[in-house]
S.K.: 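Pasting in a structure now, in structure tokens, and then I'll have a few things to ask.
Note that ligands are numbered from 1 as they come in the structure, with each ligand's atoms numbered from 1 the same way. If you're wondering where the values come from, they're calculated on a predicted model, not measured in any experiment. The analysis underlying the following values was restricted to heavy atoms, covering all of them including side chains, and did not include hydrogens, waters or symmetry mates.
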Amino acid sequence: MISRLPSWYGERAFGRVQRGATLGLLALTLACGQDDDGSEHPASHEGVPEHCIDGYDPDPRDKTMRGEPQVIELAEGRRDVLLPAEVIAWMEEHGWQQQHNDWHNVRRMDIACRRAGAADETCAAAQSLSARGLSRAPIQEGQRGDGFAFVVMHRHMLRVLREVFPRHRALFDGFDHIPRDQADPQNPMPWREVKWSADQLRAIDRLEHIEDHIDEFATEDDLASYIQHPYHWSPDNPMVVNADASSGFHDALHGQWSITGSPALLGTNTRNIDNLVFWRLHGWIDDVWERYRKAAGIEESEPGYQAELLAQCKEMHDLGVGATQPGPIDPPPMTMPTSSFFDQQVRPALAAKCSGCHEKAAPNAGLVLEDSSVSATEFVARLASVKSTNGEYALVVPGEPQQSWLYLKASGESAQASCGATCNRQAMPPAGEKLSSAELAALAQWIRDGAKP
Ligand SMILES: [Cu+2]
């Protein structure tokens, strides 16, 4: 058997609490083993919620519910597909939407604050978490160990749902294969176009034939990081773009089916677990990872893995207990002012095409492009002359569309931009509908005219 337990395992600490208890957890996993017989747990189980050890009983609603996914109708003929109401209710009763969002946000503090090792005092995103009793996770997104935690935590959630809704467990099945085009029977939204770039097709091919690529990923953490995001953390920059442009297919999957205006927006973490496609795509990632584990000869009983499953279950639980107030869960009501050129021509386009991933509650790259709760002045102040995460270009340079990263990304000209190795040239949005030529022209004109609110 090849051991793929990451070598850093013993030194790690995870979550919002410095547990330092890895060895303790490991010991207790080994000590308690299978104790489904209702016997008393050893004292070392203290602090670990019962359900992390014994699991959950099926929910009574599993027997009575129809279990059909809900197709919801949104503005302008858009549609999204959500889990049955009973499942969403169960997750709400257990605080999952909040915990899942917080789980990601405590790992995204460096990204939200645009610097590595972000301190609470100087960054609003960090402050809003610490005001709720949460703090920066010691392992941030894209750091060694984060990919492994990511796949284990999502597996924990998948397993619980299959246990709680056994008669409807197919709701949580991953894609058999990634839909390649709109007509593919696996497309969860037959009304929506499916398009992948050459790099994304390369990722699909590699991951769907993971058994042939085992040697390209030294550890499970390497594989998971490759799937998760197209960037990684470094001490100088929390978002260094990966050299391999096929990395980050998980983000592309979220983007592909993220429907603007949906109450279960797939592109951000606030309520994306309510979305059926969330489980399709995470189920698929889970299957790819499992096939890697099998091909690499990793046993289910491997202690490091078992300890991590327990630790992730406990962390989710602790996030629910530790947060003193609920975070921003529901998207704010739309109160779009309509006066200036920016309000009329630019802001709606950004909201329509970018909010799938840059909505204010949990924006990718810490960049907010949809926030109806702030004035145009405040909104523009966050863009004009503010550096992008690549650290080279400003998001908007008043008067200069060709030097404004927002415009270059939206127009796709970023692909030819001259910028350093850490610069993510990928056009935006990464999947789904691009800005129309009229919207791009309006964006360019607005910048050329001085980027006024
Ligand atoms: Cu997640």
Side-chain angles (χ1 to χ4, degrees), residues 14-16 82-83 87-88 91-92 94-112 129 134 137 139-143 145-162 171-175 188 220-221 223-231 233 247-258 262-289 308-309 311-320 323 327-329 356-359 361-366 430-431:
F14 23 88
R16 72 182 190 90
L82 275 56
L83 286 173
V87 180
I88 295 177
M91 296 194 297
E92 250 161 21
H94 291 78
W96 271 27
Q97 287 85 354
Q98 185 70 63
Q99 291 160 23
H100 172 250
N101 190 29
D102 285 338
W103 189 94
H104 283 289
N105 285 338
V106 295
R107 288 168 170 76
R108 309 190 100 192
M109 207 179 273
D110 287 7
I111 288 173
L129 286 174
L134 304 174
I139 298 178
Q140 290 286 292
E141 241 183 49
Q143 267 187 289
D146 177 66
F148 188 56
F150 167 77
V151 286
V152 172
M153 193 278 275
H154 289 85
R155 173 168 292 185
H156 160 66
M157 293 198 298
L158 279 161
R159 287 191 171 175
V160 169
L161 289 174
R162 290 166 182 165
L171 287 167
F172 318 107
D173 283 350
F175 292 120
E220 296 170 82
D221 184 49
L223 171 67
S225 306
Y226 167 76
I227 297 174
Q228 192 182 7
H229 297 305
Y231 49 81
W233 186 97
S247 63
F249 187 58
H250 155 259
D251 285 353
L253 284 166
H254 274 269
Q256 169 63 55
W257 289 284
S258 186
S262 171
L265 196 65
L266 192 63
T268 66
N269 291 317
T270 47
R271 292 206 66 116
N272 60 6
I273 64 172
D274 297 353
N275 198 303
L276 181 82
V277 183
F278 180 92
W279 301 100
R280 287 274 182 280
L281 77 90
H282 274 285
W284 178 81
I285 291 171
D286 193 72
D287 292 341
V288 170
W289 171 40
E308 184 76 15
L309 269 172
Q312 288 303 333
C313 177
K314 181 173 172 355
E315 176 170 350
M316 262 189 86
H317 175 86
D318 289 350
L319 282 164
I329 278 221
C357 304
H358 295 284
E359 177 251 8
N364 277 358

S.K.: Could you tell me how the ring of W284 sits relative to the ring of F249: parallel (under 30°), tilted (30 to 60°) or perpendicular (over 60°)?
M.R.: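 If you compare the ring of W284 with that of F249, the planes turn out perpendicular.
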S.K.: Which atoms form the tightest heavy-atom contact between N275 and A264, and what is the distance?
M.R.: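 Result for this residue pair: ND2-O, 3.0 Å.
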S.K.: Using 2.8 Å as the cut-off, note every protein N, O or S atom close to the Cu ion (ligand 1).
M.R.: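 N, O, S partners closer than 2.8 Å: H100 NE2, H104 NE2, H154 NE2.
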S.K.: Identify the heavy atoms of G145 and I139 that sit nearest to each other, and give their distance.
M.R.: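 Smallest interatomic distance, heavy atoms only, reads C-CG2, 4.2 Å.
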S.K.: Measure the spacing between CG of L265 and CG of N272 and express it to the nearest 0.5 Å.
M.R.: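 If we round to the nearest 0.5 Å, L265:CG and N272:CG are 8.0 Å apart.
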S.K.: How long is the straight-line distance from CE of M153 back to NE2 of H104, given to the nearest 0.5 Å?
M.R.: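 Output value for this atom pair is 4.5 Å.
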S.K.: Hey, can you tell me if F278 and H154 have their rings parallel, tilted or perpendicular (30° and 60° cut-offs)?
M.R.: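 Rings of F278 and H154: tilted, 30 to 60°.
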